[in-house]
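Just so you know, ligand 1 is whichever comes first in the structure, and atom 1 is the first atom listed for that ligand. Note that the coordinates shown come from a computational prediction; the quantities given were computed from them, not determined experimentally.
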Amino acid sequence: LDNGLAGTPPMGWMAWERFRCNTDCIDDLQNCISEALFRDMADRLSEDGWRELGYEYLIIDDCWMLDQRDKEGRLQPDPSRFPGGIAKLARYVHDRGLKLGIYADMGSHTCMGFPGTPLHKIQIDAQTFASWGVDYLKFDGCYSNPVEQMLGYPMMSAALNDTGRPMVYSCSWPAYLGGLPPNVNYSLLGEICHLWRNYDDIEDSWDSVQDIIQWFSDNQDDLQPAAGPGRWNDPDMLIIGNFGLSVDQARSQMALWAVMASPLIMSNDLRNLDPNMRAILQNKVAISINQDPMGVQGRRLLQKKSGIDVYWRPLSNSCSALVFLSRRTDMPYLYHTYLSKLNYEAGSYQVYDVFSGSTRTGLNSTSKFSVSINPSGVVMWYVSPEEPSSQTRSDPAPHR
Ligand SMILES: OC[C@@H]1[C@H](O)[C@H](O)[C@@H](O)CN1C(=S)Nc1ccc(F)cc1
């Protein structure tokens with residue numbers, strides 16, 4: 001959606017994967033969906049360097065609402081869990097240089113059974129969110145049918161625009177239609193939404209991350225061309241820092257989300273983050289690859305029988321990102337190749353290893369190299385040509 005927002009993939013934090021629909025603020029005050037939780041995360045984002053790295057959207061997910069609309073027919077937060085109301089929380093967030101996101105559902109109810117936004121409530125809900133100072137809407141698709149969705153998602157886009165408040169619009173629509181053409185029209189999506197969920201919900205496991213990577217790669221011919229500034233595929237939240245991933249697997253999610261130009265929306269407890277996991281999420285080169293201004297989504301180049309997959313993303317200034325991913329589960333694998341085998345133009349290159357921080361200069365496109373990749377891990381390179389670059393390009397022609 002070209003309204004000046006989300007020129008690069010949105011970055012931030014979202015409650016759902018880590019905190020789910022925990023509404024028990026009596027016995028679990030630290031982890032229940034409440035204004036206190038979001039104030040805590042706003043404090044962490046603004047005090048621990050996250051905002052400066054680009055993590056700016058703090059996004060409320062399902063389960064924030066009271067189970068009834070108010071007497072004017074407006075959605076309202078649960079008053080025991082959000083006693084100050086959403087507008088006050090938005091001010092708290094804005095005062096810390098951050099932006100606030102909220103969740104609603106195109107349908108009779110949200111996925112967890114709270115009040116939904118049926119077609120005749122789209123206008124009033126958009127106005128309510130704008131009046132609260134909300135900057136981002138995640139619009140889910142539970143409890144609606146394809147016809148209502150076909151009407152509702154464009155209607156909400158227009159309603160948000162009519163408020164006059166710029167808001168990022170995240171659509172779950174394609175995920176409810178199987179994510180692929182002909183049921184999904186990606187050029188229409190690109191006109192009405194800034195980002196969209198294409199596939200199943202992420203869970204806190206390497207299996208889930210691998211399944212998502214597999215689906216996005218197997219379907220890249222349909223998905224990759226759909227992405228660009230203001231229009232992003234959304235493979236779901238970063239689960240780095242929770243319980244299901246090793247450090248290698250966490251690097252793999254960060255590397256693949258960087259190459260796929262995915263939103264970098266964490267769902268974890270920023271109040272209690274393992275330093276190795278924080279280092280991965282705050283890796284400046286991985287973030288800059290993800291946020292490259294050209295906004296060209298990367299692709300899987302190769303799938304080796306050895307279980308090594310190679311991904312490539314064109315970047316500004318004739319640079320590129322290369323990711324070697326090991327789907328093996330047994331042991332580190334020594335992968336031998338050379339850049340012209342990966343479709344690089346003849347010449348010499350500088351290579352920066354994103355997670356080790358080491359640099360290698362003068363790598364000629366015909367000189368063999370080996371990389372050792374840990375099981376379910378990655379090696380990620382930022383590659384820059386050493387001689388002055390020619391035109392930047394992102395087609396299948398040889399890369400720079
Ligand atoms: O309730 C909200 C929750 C999160 O927002 C996810 O990101 C959305 O994709 C939807 N969602 C959930 S749990 N959806 C859902 C997941 C599985 C299921 F059997 C029925 C509904």
Side-chain angles (χ1 to χ4, degrees), residues 9-24 31-34 37-38 41 57-67 75 77-78 81-82 86 100-118 125 129 134 136-146 148-149 152-153 156 167-180 183-184 189 193-205 207-209 211-213 215-216 223 232-242 244 253 257 260 262-269:
M11 294 177 66
W13 185 92
M14 181 181 277
W16 180 258
E17 200 292 316
R18 179 58 185 260
F19 297 96
R20 304 279 165 151
C21 194
N22 179 350
T23 54
D24 181 0
N31 303 305
C32 62
I33 301 303
S34 70
L37 180 70
F38 292 97
M41 297 307 165
Y57 287 95
L58 178 60
I59 305 164
I60 303 169
D61 205 279
D62 205 343
C63 309
W64 62 272
M65 302 164 188
L66 190 61
D67 57 3
L75 291 172
D78 182 308
R81 294 186 284 117
F82 292 85
I86 301 297
L100 183 68
I102 204 161
Y103 167 102
D105 185 292
M106 167 65 242
S108 62
H109 293 84
T110 73
C111 298
M112 301 311 283
F114 292 85
T117 302
D125 290 353
F129 299 145
V134 166
Y136 179 117
L137 171 65
K138 171 173 174 176
F139 206 32
D140 206 347
C142 276
Y143 301 107
S144 54
N145 64 48
E148 290 159 337
Q149 292 163 1
Y153 278 98
M156 178 55 91
M167 287 183 258
V168 172
Y169 181 36
S170 168
C171 301
S172 298
W173 187 15
Y176 287 86
L177 299 178
L180 298 174
N183 300 342
V184 176
L189 270 173
C193 309
H194 291 109
L195 63 159
W196 44 78
R197 282 279 312 284
N198 313 69
Y199 188 59
D200 296 349
D201 290 1
I202 199 163
E203 300 301 339
D204 189 9
S205 74
D207 275 358
S208 171
V209 172
D211 176 56
I212 290 168
I213 291 169
W215 188 84
F216 275 80
L223 302 174
W232 307 105
N233 293 300
D234 179 0
D236 217 350
M237 296 159 269
L238 289 172
I239 56 163
I240 297 165
N242 294 325
Q253 185 183 26
W257 266 235
M260 292 195 292
S262 311
L264 298 180
I265 299 175
M266 307 179 280
S267 189
N268 52 21
D269 189 343

Give a yes or no on whether the backbone of Ile239 and the side-chain of Gln253 come within a donor-acceptor separation of less than 3.5 Å.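 A pair under 3.5 Å: yes.
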Whether Asp234 side chain and Leu195 backbone form a donor-acceptor pair below 3.5 Å: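 Answer holds: no.
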Quick one: does atom 17 (C) of ligand 1 have a protein heavy atom under 4.0 Å from it?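 Looking at atom 17 (C) of ligand 1, one finds that no protein heavy atom lies closer than 4.0 Å.
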Do protein heavy atoms approach atom 2 (C) of ligand 1 to less than 4.0 Å?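 Protein heavy atoms within 4.0 Å of atom 2 (C) of ligand 1 - there is at least one.
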Any nitrogen or oxygen of [X], side chain or backbone, less than 3.5 Å from one on ligand 1?
X      : answer
Asp62  : yes
Lys138 : yes
Asp61  : yes

Please verify the inter-ring angle class for Tyr169 with Phe139; under 30° counts as parallel, over 60° as perpendicular, anything in between as tilted.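 Taking Phe139 first and then Tyr169, their aromatic rings sit tilted (interplane angle of 30° to 60°).
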Does the residue Arg197 have a heavy-atom contact with ligand 1, meaning some pair of atoms that are separated by less than 4.0 Å?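 Heavy atoms of Arg197 do come under 4.0 Å of ligand 1.
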Heavy-atom gap Arg20 to ligand 1 smaller than 4.0 Å: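 The answer is no: ligand 1 sits nowhere under 4.0 Å from a heavy atom of Arg20.
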Side chain, backbone, both or neither: the part of Thr110 lying under 4.0 Å from ligand 1 by heavy atom: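 Neither; no heavy atom under 4.0 Å.
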With sequence neighbours left out, what residues match Pro77 under side-chain contact (heavy atoms from CB on, under 4.5 Å)?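 side-chain contact (heavy atoms from CB on, under 4.5 Å) list for Pro77, sorted by chain: Trp64, Phe82, Ile86, Trp132.
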Between Tyr103 and Asp140, does a side-chain hydrogen bond (donor to acceptor under 3.5 Å, both in side chains) hold up when you go through it step by step? CA-CA 7 Å; Tyr103 167 102; Asp140 206 347; 2.7 Å; yes
